[in-house]
There are 2 protein chains.
Amino acid sequence: MRVNGQRRTTIKDVAEAAEVGVATVSRVLSGTGSSSPATREKVMAAAARLDYRPSALGRNLRRQRTGGIGLLIPDITDTFYGRLADGVLTCAQSAGEPVMIGTTGDDPEREAELIGSLLEESVERVIAVPCGDGEMWGPAFRAGLSVVFAERPVQGRENVPSVVTDDRTGVRTAVEYLAGLGHRRIAFLARHGQAQRVRAFRESLAALRVPVDDELIVYAHASRDSAYAAAAGLFQHRPDLTAVLAGGNILGEAAVLAAKELDFRVPRDVSLIMFDDVPWAELCSPPLTVISQPAQDMGYRAAELVLREGRRSRTVMLPTELIVRGSCGPRR
Amino acid sequence: MRVNGQRRTTIKDVAEAAEVGVATVSRVLSGTGSSSPATREKVMAAAARLDYRPSALGRNLRRQRTGGIGLLIPDITDTFYGRLADGVLTCAQSAGEPVMIGTTGDDPEREAELIGSLLEESVERVIAVPCGDGEMWGPAFRAGLSVVFAERPVQGRENVPSVVTDDRTGVRTAVEYLAGLGHRRIAFLARHGQAQRVRAFRESLAALRVPVDDELIVYAHASRDSAYAAAAGLFQHRPDLTAVLAGGNILGEAAVLAAKELDFRVPRDVSLIMFDDVPWAELCSPPLTVISQPAQDMGYRAAELVLREGRRSRTVMLPTELIVRGSCGPRR
DNA sequence: CACCCTCATGGAAACGATTCCATCATGGAT
DNA sequence: ATCCATGATGGAATCGTTTCCATGAGGGTG
């Protein structure tokens with residue numbers, strides 16, 4: 001309900017004011033087709049005078065698609081995804097594209113709903129941190145929209161362009177670093193869905209001839225509570241562990257907290273290393289040694305990919321970096 | 001460009017399949033108007049059979065507005081705004097409304113651009129953490145969209161519904177707590193735009209008959225770098241201060257870091273207290289005493305307000321809470 | 001001088017939904 | 001038996017833009 005009677009100025013108003021046809025206005029303003037300098041001038045002047053802004057609604061309907069980018073992430077509260085989203089927004093905003101965001105909470109069902117919602121809006125470009133299997137994405141591909149996966153690849157959708165971290169190398173670097181300090185009972189605190197990292201963890205241990213202890217690989221859901229429960233359980237069940245590798249910043253946070261509460265001293269009693277560098281890692285004492293991931297860059301690259309829909313693009317793998325601070329020490 | 005020749009199923013297809021008119025289909029599916037049970041049945045069946053999803057494009061154009069909520073925040077990387085956004089998303093998603101997000105970087109110019117972009121998309125509901133003066137919002141109000149401000153009120157737009165924190169009480173509580181511990185040279189590390197909190201800071205000191213020292217009030221921009229520079233400058237310029245109140249989590253982070261780097265021991269040399277409770281506050285040593293703000297709730301409430309556009313709604317003020325941990329001690 | 005090619009231009013169709021309005025049927029009240 | 005109110009229904013207009021197509025003007029070439 002429009003409060004004041006002001007109808008929106010349309011292309012028709014501009015056409016009348018400039019004394020030309022609507023088609024001409026459209027051509028001039030969108031830069032397509034040809035037009036004489038004189039007409040161009042008139043149209044521009046009229047548009048400026050009337051403060052005309054084309055309506056995305058009309059354009060979208062005619063073009064049969066909504067501009068902009070859909071962005072699906074598990075949790076906007078997790079700074080990793082926050083930085084990823086920031087990268088997407090930076091790229092999208094500099095391209096003038098609006099971004100529709102949704103959080104899945106790592107729940108395939110919510111993911112499916114959000115995909116449906118994007119379809120309904122005719123959004124045709126989506127960046128997603130997928131949480132379901134490839135199943136949910138069937139309708140999306142059938143509808144012809146272009147998807148880029150971020151952070152995680154999806155089994156069975158290998159041909160979908162993705163931007164992921166080099167999990168194998170990241171995990172291997174961490175494990176080798178810890179093993180080099182003498183650790184052999186190394187735990188991995190993982191989030192469900194980090195199968196890739198767990199596999200890399202096993203392989204890295206095997207390569208170093210360290211026996212894999214299944215009890216030292218524990219899983220948590222995405223929430224802070226679940227992460228804390230997993231971490232605390234790990235410390236209590238297996239007080240003989242000497243090092244913990246956390247698969248993400250929420251898990252790392254939980255590990256630090258659990259160690260603190262249960263009086264494990266870091267790094268004397270236990271060495272800690274965490275995936276993802278976050279600002280507070282420097283604030284802990286001791287400051288946390290981390291495997292940093294270029295989250296912001298990941299988002300930016302994903303946005304670039306999805307905007308240059310034209311060329312076929314394979315998946316991009318971004319490097320990690322071991323940042324040694326103070327949370328790892330020699331085996332006690 | 002549709003890859004496969006599959007045209008989208010439209011309301012017309014459903015009408016044909018159900019052997020009724022398009023108007024009837026629209027009425028049945030949107031629940032408006034009246035229709036006989038038999039027709040309803042037929043239409044529902046046909047819609048389900050064809051897997052019909054109404055196109056938001058057509059609806060939006062006809063209705064002259066885009067559903068959903070526009071969300072403008074300064075920085076998605078700042079966990080405060082992350083939680084605020086999470087609140088908005090939670091409410092919006094449970095109402096089935098899509099959310100368009102944009103980050104202003106606390107730059108009025110970008111804010112104006114984003115407002116323009118929302119106007120272009122005919123988004124008619126906006127939640128914003130405003131950074132400019134009321135000026136930028138003129139076009140938005142003129143276009144008749146309903147706006148809710150979050151976190152900060154805007155001078156000259158007092159009649160716009162807002163959801164804000166009770167800055168006065170929050171600041172006063174912090175100052176009284178510090179003064180109660182014997183501190184008199186208390187610094188305030190503020191972000192530009194926190195005039196409200198600075199005013200409350202001055203008033204609180206005055207009420208306690210503590211002289212206000214202008215040099216102890218320093219300002220930073222929203223970035224981490226600027227915050228760190230301000231914090232470090234403060235410690236170096238005025239090593240005689242005994243307590244610092246940080247106006248937000250980025251500023252608090254900077255204060256902790258600067259204190260650490262410059263060898264100020266917390267809380268022996270300096271007491272620290274920060275606006276906004278964040279997960280890492282417990283991880284520091286000593287754990288940080290904070291004034292918590294219900295960021296998630298703030299977002300949720302703002303979304304509620306903007307969705308119930310109907311009733312006139314005044315601004316909501318949310319309480320803060322002092323959470324005492326270990327970063328404040330008696331004056332040295 | 002005739003012809004054709006190019007460029008500029010405007011009218012009108014299309015996109016997919018909602019909604020106004022006219023039509024028709026049905027049933028109850030007079 | 002007649003009339004009116006009510007309910008169900010479909011055709012057509014509408015929203016604002018893009019784009020197809022036809023038209024006309026103008027200039028260069030044969």
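Letters A, B, ... mirror the listed sequences (proteins, then strands); counts begin at 1. Model, not experiment: these values are computed from the prediction.
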Sugar-phosphate only, base, or nothing, as touched by Gly21(A) at under 4.0 Å among non-hydrogen atoms: sugar-phosphate

Given dG16(D), dA17(C), dT18(C), the nucleotide with the shortest approach to the side chain of Arg63(B): dT18(C)

Closest nucleotide among dG16(D), dG10(D), dA8(D) to the Ala23(B) side chain: dG10(D)

Phosphate contact (dG16(C) OP1 or OP2) by Tyr52(B) side-chain N/O below 4.0 Å: no

For atom CZ of Arg53(B) and atom P of dG16(C), their distance in whole Å: 16 Å

Rounded distance (Å) that lies between atom P of dT17(D) and atom CD of Glu121(B): 13 Å

Ser34(B) vs dA8(D): side-chain N/O to OP1/OP2 distance below 4.0 Å: yes

Option passing side chain to side chain contact (heavy atoms under 4.5 Å, CB included) with Ile11(B) (candidates Pro54(B), Ser55(B), Ser26(B)): Ser26(B)

Nearest-nucleotide 5' precedence on DNA chain C, Thr32(B) against Ala38(A): Ala38(A)

Non-hydrogen side-chain atoms of Glu111(A) and Pro130(A) separated by less than 4.5 Å: yes

Thr39(A) side chain near dT9(C) phosphate (N/O to OP1/OP2, under 4.0 Å): yes

His192(A) and His221(A) aromatic ring geometry - parallel, tilted or perpendicular at 30°/60° bounds: tilted

Among dA17(C), dT18(C), dC15(D), the nucleotide that comes nearest once only the side chain of Ser30(B) is considered: dT18(C)

Arg62(B) side chain near dT14(D) phosphate (N/O to OP1/OP2, under 4.0 Å): no

Atom-pair distance (CD on Gln64(A); P on dA13(C)), nearest Å: 18 Å

Distance in Å, Thr90(B) OG1 paired with Tyr300(B) OH, rounded so as to fall on 0.5 Å steps: 7.5 Å

Among dT18(C), dG16(C), dT18(D), the nucleotide that comes nearest once only the side chain of Leu61(A) is considered: dG16(C)

Length of the line joining Lys42(A):NZ and dA8(C):C1', which is rounded to integer Å: 12 Å

Atom-to-atom span, CZ of Arg59(A) to P of dT19(D) - whole angstrom: 10 Å

Interatomic distance where CD belongs to Glu120(A) and C1' belongs to dA17(C) [whole Å]: 12 Å

Short side-chain N/O contact from Ser26(B) to OP1 or OP2 of dT18(C), under 4.0 Å: yes

CD1-CG distance between Ile76(A) and Asp86(B), expressed to the nearest 0.5 angstrom: 7.0 Å

Carboxylate-amine/guanidinium proximity below 4.0 Å for Asp106(A) and Arg152(A): yes

Below 4.0 Å: OP1/OP2 of dT9(D) and any side-chain N or O of Thr24(B): no

Proximal nucleotide (of dT14(D), dA12(C), dT9(C)) relative to the Arg27(A) side chain: dT9(C)

Protein-nucleotide distance (Asp13(B), atom CG; dA17(C), atom C1'), rounded to Å: 13 Å

Given dA12(D), dG10(C), dG16(C), the nucleotide with the shortest approach to the side chain of Val22(B): dA12(D)

Euclidean distance, atom CD of residue Glu19(A) to atom P of dT9(C) [Å, nearest integer]: 13 Å

Sugar-phosphate only, base, or nothing, as touched by Ile11(A) at under 4.0 Å among non-hydrogen atoms: base

